[in-house]
Every structure is written in C-alpha cells, then in structure tokens.
Amino acid sequence: MIHYPFPTLTPEEAAALVQDKQTIGFGGFTAAGACKVIPLAIAAKAKAEHAVGRPFKLGVITGASTGKSLDGALAEAEAIAWRTPYQSDPTLRKSINEGKTHFFDLHLSAVQPAVRSGVLGKVDWAILEASHVTAQGEIVLSAAVGCANTFARVADKILIELNAHHPGDLMGFHDLYEPADPPRRREIPLYAPTDRIGTSFIKVNPKKIAGIVMTNLPDESGGFDAPDDVTNRIGENVAGFLAGEIKAGRLPASFLPLQSGVGNIANAVIGALGANPGIPPFMMYTEVLQDSVINLLQTGKCAFASSCSLTLSPPRLKEFYANLEYFRSRVVLRPQEISNSPEIVRRLGLITINTAIEVDLFGNVNSTHVMGRDLMNGIGGSGDFTRNAHVSIYTCPSVAKGGKISTIVPFVTHLDHSEHSVQIVVTEHGVADLRGKSPQERAMLMIAKCVHPEYREPLRAYLRASAKGHVPQTLHNAFGMHLAFLEQGDMRKVVWKE
Ligand code: 0RQ
C-alpha cells in the first residue's frame with residue numbers, strides 16, 4: 001500500500017475542484033486510457049450548476065476521441081464550450097453540428113506543439129488515467145499515451161484516475177519523448193519502429209497532483225463488426241496491390257512499416273494483409289492498434305507494433321494483458337506527436353491506409369464532413385500520415401446509404417487531403433493507382449476501377465459535359481450529385497446541366 005502525499009478523492013470531490021471556464025487536457029487516445037469517473041462527475045456538477053442558473057462550460061483538449069463517460073457525458077450535460085482535436089461521440093457530434101459546441105479540427109501530431117506554444121490558452125487541469133503512481137510523482141499511464149505527458153507538464157494541477165483494471169506492471173510499454181520547440185528543435189532520434197528514445201513514466205512534482213481517484217473499470221472501446229463481403233474485398237484489394245508492388249520491385253522485398261486508421265474497414269484491411277502470402281512479416285508504426293493487429297502479433301506476421309494506443313475490444317485487451325510478457329518486446333506506446341510525427345512518417349517510409357468519406361475523380365479526399373457541412377469525427381491522424389507517406393492509400397466502400405450515395409464524386413464537398421498527397425484509392429471494385437497520372441487520366445481510372453457500376457455512366461457523362469481545361473471540372477455541375485441526394489434522396493437522380 002503506497003502512502004501518497006496527495007489526497008485520495010471521490011470522483012465528486014475531484015469534480016468539485018474544476019471551475020467554470022477552465023481548460024482541461026484529458027489523457028488517453030480513443031477510448032483507450034480515457035478517464036471515466038472524473039468526467040462523469042464533472043458532467044453531474046455541470047448539470048447541478050445549470051439547474052440553479054449558474055454557467056459551467058469547459059475547454060476540452062484530448063488526444064483523440066474518448067469514451068462515452070467523457071465526451072458523451074460532458075456533451076449531454078452541455079458542459080463543453082470548445083473542443084479539439086477529434087471526437088466520435090454521437091451526442092457531442094450533434095452539439096457541434098448544431099453550433100452549440102465550438103470544435104476545431106487539428107492534425108493530431110499538432111496538438112502537443114499547439115498546447116506548448118500557448119495558442120490554446122492556459123491548461124488548468126491535466127486529468128489522466130494511470131496504471132501505477134508513486135508517492136514521488138511518477139505516473140505510469142494505462143492503455144494509451146495521447147498528449148498526457150505534455151498536459152501533465154504544462155497544466156497548473158493534475159488529477160489522476162488510478163485504474164486497477166489495467167495491470168500494475170505496464171511499466172516499460174510507454175516511451176515518452178517530448179521534442180524541443182523551434183528554434184531549438186533537433187531531429188527526433190527515432191530511426192526504426194522498435195527504437196526507444198524516452199522514459200517509461202511521467203515524472204511530476206507530487207505537489208502538482210491535486211488528488212487521486214481509485215477506479216476499476218474497463219475501457220469503453222466498442223468491438224468491431226465482423227468483416228463483410230465489401231470490407232473483405234477492400235482488404236483483399238489493398239493486400240493484392242501491395243503484394244504486386246513488392247513483386248514489381250517498387251516496394252522493397254523486406255516491405256515498409258504500415259499505418260492503418262481506425263474502424264471496421266481498417267480492421268479488415270490489416271486482417272487481409274496478414275492472410276496474403278505475398279506480404280512478408282511487417283512492422284506497424286501507427287496511432288491505433290486494433291484487434292486484427294493482435295492476431296498478427298500472435299502469429300508473427302506482424303513483428304512489432306509502435307502505436308499511441310491499444311484500441312482493442314474488451315476481450316482482446318484482456319487477452320493482451322493476460323499475455324503481457326509476450327507483448328512486452330513487441331509493442332510500444334508513444335505520445336501522438338511522435339506516433340504521428342510527419343518527420344518520422346517520412347523517414348521510415350510508411351505505407352499509410354486510411355478511410356475516406358468521399359473521394360473525387362481527381363484524388364482529393366474528404367475524411368471529415370458529410371455533404372460539406374456536418375462533421376463526422378475529424379481529420380485525426382489521417383493528414384499527418386497521408387501527406388508524408390511513402391505510399392498513401394485511401395479506402396472506402398464505393399457507395400453509402402444503400403447505394404443512394406456514391407462515395408466517388410466529381411468534386412469533394414470538403415477537402416482534407418489534396419490530390420498531391422493521395423496516391424492510391426481502393427474500393428471493393430478495385431484499385432486506382434493515381435501516381436504519375438494527369439487529372440484526365442485519374443478521372444478515367446477512378447471510374448474504371450473504383451466507382452460502383454451504377455454510377456459509372458453518370459460520372460462519364462459528367463466528364464463528357466465538361467472535358468475542358470487541365471482539370472475537367474464544371475462548376476455548375478460539380479455538386480450535382482450531392483444536390484440530387486439532398487433534394488431527391490438519391491445521387492442516381494442527377495441530371496447534368498448543359
Ligand atoms: O454512417 O453508420 O450512419 O451508416 O459514415 O462510415 O463506412 O462505416 O466507415 O466507420 O471506417 O468511418 C471516414 C468517418 C469512415 C473515419 C470515416 C457514413 C456511413 C456511416 C461511417 P452510418 P463507414 P468508418 C486514424 C486516422 C478520419 C480520421 C482518420 C474517420 C459512417 O475513418 O473518421 O482517418 N476518418 N483517422 O454510412 C454520407 C458519404 C459517406 C457517408 C460514409 N459519402 N456520405 N455518409 N458515410 N460515406 C484514427 C485517428 O485519427 C484516431
């Protein structure tokens with residue numbers, strides 16, 4: 001039993017310390033390692049304050065998305081004034097899209113530098129989940145890092161959820177490194193996914209710790225849908241393309257490290273890479289470790305994984321913890337400015353695989369906004385990886401909403417990744433390798449390889465109706481398919497104007 005020089009608090013006592021208009025930096029990355037009981041108690045405090053007519057709204061900075069007890073509860077309590085850099089909670093998303101919460105989208109690698117520079121204002125609280133804390137102020141994080149090391153250093157005060165659900169001997173899984181800021185910045189001394197360059201715990205002055213709350217709760221990560229026909233075909237297309245690149249000598253026979261995004265498609269893609277005999281054992285340098293990577297680490301197809309979080313379904317995380325010694329030499333967790341560092345992505349030559357909401361005929365990608373307007377989740381790490389990749393791949397099903405939406409459109413309604421950074425597009429129908437192709441050639445390739453058969457003729461007709469200039473785009477038709485969906489409920493009803 002450790003005797004801490006700081007108080008052990010109930011969640012309510014911890015929440016009582018947090019005041020209206022303060023800014024909180026929460027540790028964790030996705031639901032992995034996100035705080036659970038303190039944000040829930042802060043939400044209850046917010047509701048009580050609102051009930052007696054007092055204002056209570058916070059600035060909330062995180063690593064990425066969180067769990068329902070954090071973003072969900074705080075949004076439901078209308079306790080978030082502003083939020084960055086990423087979210088995936090339905091209640092918060094609604095609040096953002098109704099204009100009630102101010103959200104700004106930020107590359108995940110840029111969060112820690114932005115916090116340090118002061119552009120986001122003062123961080124009053126770092127609220128972190130830990131698996132182990134010493135009386136000397138050494139904090140061993142849990143299933144993720146996110147921005148926890150920076151929040152702990154810059155915040156005025158720290159609150160800790162010490163969660164016994166995570167094993168007490170996670171020490172050594174985290175590698176915490178914080179680069180100097182310009183003009184003193186040097187290269188980050190990381191030259192292989194396996195390199196360790198930092199410390200395995202955060203060290204703070206114990207006087208800064210305002211209190212510790214004891215918990216024993218699982219992460220609120222959801223599971224994954226079993227791969228279906230469409231996600232399987234997307235996965236097989238990605239794996240087939242990469243195996244072909246090795247065979248053609250355009251990728252080294254030893255392969256290159258992989259990054260893959262979050263969600264069902266990403267999970268299926270990694271599974272398919274594991275099953276393809278043309279892909280040698282590989283390493284991952286990524287920000288989220290999903291279930292399928294654990295399978296591949298167990299079979300040896302994935303030799304090593306560097307990540308920012310263990311975003312595993314509860315049974316998979318349990319399995320990971322039960323085999324901690326096996327994974328100790330195969331997994332490292334880093335802060336997001338290192339896991340997503342443009343410098344490191346370029347240096348290691350990553351193959352990056354992310355998912356698009358829509359892609360246009362010329363290779364521009366929208367990852368974030370539906371119909372140009374409503375935020376889905378945010379850019380997350382997709383920009384950090386895509387822009388700096390050795391090979392950047394975007395995947396998506398060719399249609400959404402039962403075929404009423406084509407995900408391949410004449411012009412994206414919101415731009416996250418431009419044609420200059422997007423190299424390969426993959427749907428269940430095939431692979432469009434856009435490298436070295438002019439806009440005209442790209443458009444023909446996208447229609448032939450990626451577009452759903454029902455949309456091939458409408459998109460060919462779009463090109464026939466324009467077909468002038470370097471980029472065959474016609475402004476009065478460019479959003480015709482989107483307008484057909486918004487006005488008539490189906491993009492197939494598009495009629496191109498002469
Ligand atoms: O909605 O669930 O209501 O049916 O969008 O789409 O196909 O299930 O795909 O869950 O992988 O999410 C881009 C959002 C894809 C995600 C995005 C609707 C579709 C469905 C989800 P329903 P799917 P996914 C690493 C990298 C940005 C961040 C990133 C994302 C819902 O991958 O947030 O890459 N990426 N981070 O029906 C209207 C379209 C649509 C559409 C799909 N064209 N129009 N709705 N949908 N296409 C991770 C981190 O950074 C942490």
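Ligands are counted one by one from 1 in listed order, and the atoms in each one are counted from 1 as well.
Contacts with ligand 1 closer than 4.0 Å are made by heavy atoms of both the backbone and the side chain of I357. Residue F385 does not touch ligand 1, judged by heavy-atom distances below 4.0 Å. Residue N354 touches ligand 1 through its side chain alone, judged by heavy-atom distances below 4.0 Å. Of the heavy atoms in T368, none comes closer than 4.0 Å to ligand 1.
Within the 4.0 Å cut-off (strictly below), a protein heavy atom is located near atom 50 (O) of ligand 1. Distance screen at 4.0 Å: atom 44 (N) of ligand 1 has a protein heavy-atom neighbour inside the cut-off.
In summary, the atoms of ligand 1 found under 4.0 Å from a heavy atom of G378, numbered by their order in the structure, are 27 (C), 28 (C). Short contacts between ligand 1 and V370, defined as distances under 4.0 Å to a heavy atom of the residue, involve ligand atoms 38 (C). The contact set between ligand 1 and I405, taken as ligand atoms under 4.0 Å from a residue heavy atom, comprises 38 (C), 39 (C), 43 (N), 44 (N). Of all atoms in ligand 1, listed by their number and element, those nearer than 4.0 Å to a heavy atom of G380 are 50 (O). Interface atoms of ligand 1 facing L108, defined by a heavy-atom separation under 4.0 Å, are 50 (O).
Neither side chain, Q259 nor N340, offers a donor N or O lying under 3.5 Å from an acceptor on the other. Side-chain polar atoms of E78 and S95 form no donor-acceptor pair below 3.5 angstrom.
Of the possible donor and acceptor atoms, none in the side chain of N237 sits under 3.5 Å from a partner among the backbone N and O of V431. Within the 3.5 Å criterion, the main-chain N or O of I344 finds a donor-acceptor partner in the side chain of S341.
Among protein heavy atoms, atom 7 (O) of ligand 1 sits closest to P397 CG, 4.1 Å. Among all protein heavy atoms, the one lying closest to atom 13 (C) of ligand 1 is T355 O, 3.5 Å. The nearest heavy-atom contact from the protein to atom 5 (O) of ligand 1 is M376 CE, 3.1 Å. The closest protein non-hydrogen atom to atom 25 (C) of ligand 1 is E287 OE2, 2.4 Å. Remark: minimum distance from atom 35 (N) of ligand 1 to any protein heavy atom is reached at S367 O, 3.9 Å. Annotation: atom 22 (P) of ligand 1 to nearest protein heavy atom, K401 NZ, 3.4 Å. Looking from atom 33 (O) of ligand 1 to the surrounding protein, the closest heavy atom is N377 ND2, 2.7 Å. Nearest non-hydrogen protein atom to atom 42 (C) of ligand 1 is A400 CB, 4.1 Å.
Note that OG1 of T427 is 11.0 Å distant from NZ of K449, once rounded to the nearest 0.5 Å. Note that the CZ atom of R233 and the OG1 atom of T395 stand 14.0 Å from one another [nearest 0.5 Å]. Y285 OH to L258 CG: the interatomic distance, rounded to the nearest 0.5 Å, is 14.0 Å.
Classified by interplanar angle (parallel below 30°, tilted 30° to 60°, perpendicular above 60°), the ring pair F327/F320 is parallel. Ring-plane geometry between F479 and F411 is classed as parallel, the angle between the planes falling under 30 degrees on a 0 to 90 degree scale with a further cut at 60. Aromatic ring orientation, H452 versus H429: perpendicular (interplanar angle above 60°, classes split at 30° and 60°).
Here the rule is side chain to side chain contact (heavy atoms under 4.5 Å, CB included) with H174, and of L333, T199, I139, V332 only L333 fits it.
Within the 4.5 Å cutoff, the side chain of L486 has heavy atoms near those of the M371 side chain.
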